[in-house]
Amino acid sequence: MNLLVSLFGTIILAAVLLLGIGTGLLSKFFSYDLRKQCMIAVAISLIIALILIILSPIYESIIGLTVNNFFFYIIMAIISLVLGVFTIYHWEKEQKYDDVLKGLLFFDFIPVSYGLFILSSAALSPSFVFDSSNMSFTVTTFHLAIIIAILLVFISIVAYVFSDFIEDYRITHYPVIYGSMMIIFAFIFIVFGFLIPTISYVLQNPSTELTLMPLESGIVLIVVLGLLLGLGVLFKKRNNRLM
């Protein structure tokens, strides 16, 4: 397989694991029965598959809006960061799993996973060839959507069934774990913004010189980071006054 297929295939698998394991663990932790867990997993999987199939005819436009667009990664980074910080903040404030926090925990990984699914499926559309020494077959966007849906349901149910075993190794509360992961994904999206658009363009135009990122994108990134650091300082001062 070529570099882009390997890269975006790995991103899809990471998104499936992220969303599947997350929903499976939460359902068991909140004492939902297996039937309700299956309904949640199937609903999320079908919605993801339908969105990917519906968007497949305009994959070229989506590539421009996602894969090759630095600002897509910055927007996803901001969404991840806001959700992560708010999840941790709400837990620290309430110290209980109320309805708001339950909904937030289930919702946390959905925007990130959807962004990764749309990004990767657009890069691989309308079809790509899986080629190895033993087999070779073509995967269309429809096939990809079905594969993602089936994998997501399977991983979610497996995580639900084995959640008691996984619980033994949990060292802190889920809001802290999920919030921290969302903050990590915010930085991952920033790194993606630096690398993927440039790599994709260079692979499509081999004669192009490899550069880190456009100047205007770098300026936007510095401004965004400056604003986030400023907000962090304000929140820290506010919390210090309240203590």
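Keep in mind that the numbers below use all heavy atoms, side chains included, and drop hydrogens, waters and symmetry copies.
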- Item | Min side-chain heavy-atom separation F189-V112 under 4.5 Å | yes

- Nearest heavy atoms of Y178 and D108, plus distance in Å: CB-OD2, 4.1 Å

- Drop me the distance from T87's OG1 to W91's CH2, to the nearest 0.5 angstrom. 12.0 Å

- Item | Heavy-atom side-chain proximity of S121 to F8 below 4.5 angstrom | no

- Query: When rounded to the nearest 0.5 angstrom, what distance separates CD1 in I157 from CG in L152?
  - Reply: 10.0 Å

- Query: Hey, are the side chains of F192 and I11 touching, using non-hydrogen atoms and a 4.5 Å cut-off?
  - Reply: yes

- If you count the non-hydrogen atoms of other residues, nucleotides and ligands that lie under 6.0 Å from CZ in F30, is the total more than 12? yes

- Which distance, rounded to the nearest 0.5 Å, do you find between the OH of Y97 and the NE2 of H90? 11.5 Å

- Give a yes or no answer on whether the side chain of Y89 reaches the backbone of G84 with a donor-acceptor pair at less than 3.5 Å. no

- Among L151, I146, L144, I150, find the one that has a side chain to side chain contact (heavy atoms under 4.5 Å, CB included) with I148. L144

- Message: To the closest 0.5 Å, what do you measure between CG (L104) and CE (M182)?
- Response: 9.0 Å

- Heavy-atom side-chain proximity of K36 to D33 below 4.5 angstrom: yes

- Roughly how far, to the nearest 0.5 Å, is the OH atom of Y32 from the OG1 atom of T23? 12.0 Å

- Query: Given F185 and L18, is the side chain to side chain contact (heavy atoms under 4.5 Å, CB included) satisfied, shown in steps?
  - Reply: CA-CA 11 Å; F185 266 92; L18 182 72; 3.8 Å; yes

- Would you check if S80 and I183 make a side-chain contact, meaning some heavy-atom pair closer than 4.5 Å? no

- Message: Using side-chain heavy atoms (C-beta onward) and a distance below 4.5 Å, is I48 in contact with L19?
- Response: yes

- Hey, could you give me the OH/CG distance between Y160 and L34, rounded to the nearest 0.5 Å? 5.5 Å

- Closest heavy-atom contact between Y174 and L25? OH-CB, 3.8 Å

- Message: In the structure I gave you, are the side-chain heavy atoms of F117 and I51 within less than 4.5 Å of one another anywhere?
- Response: no

- Close side-chain approach of L55 to Y59, heavy-atom, < 4.5 Å: no

- Message: How close do L52 and T141 get, counting heavy atoms only, and between which atoms?
- Response: O-CG2, 3.7 Å

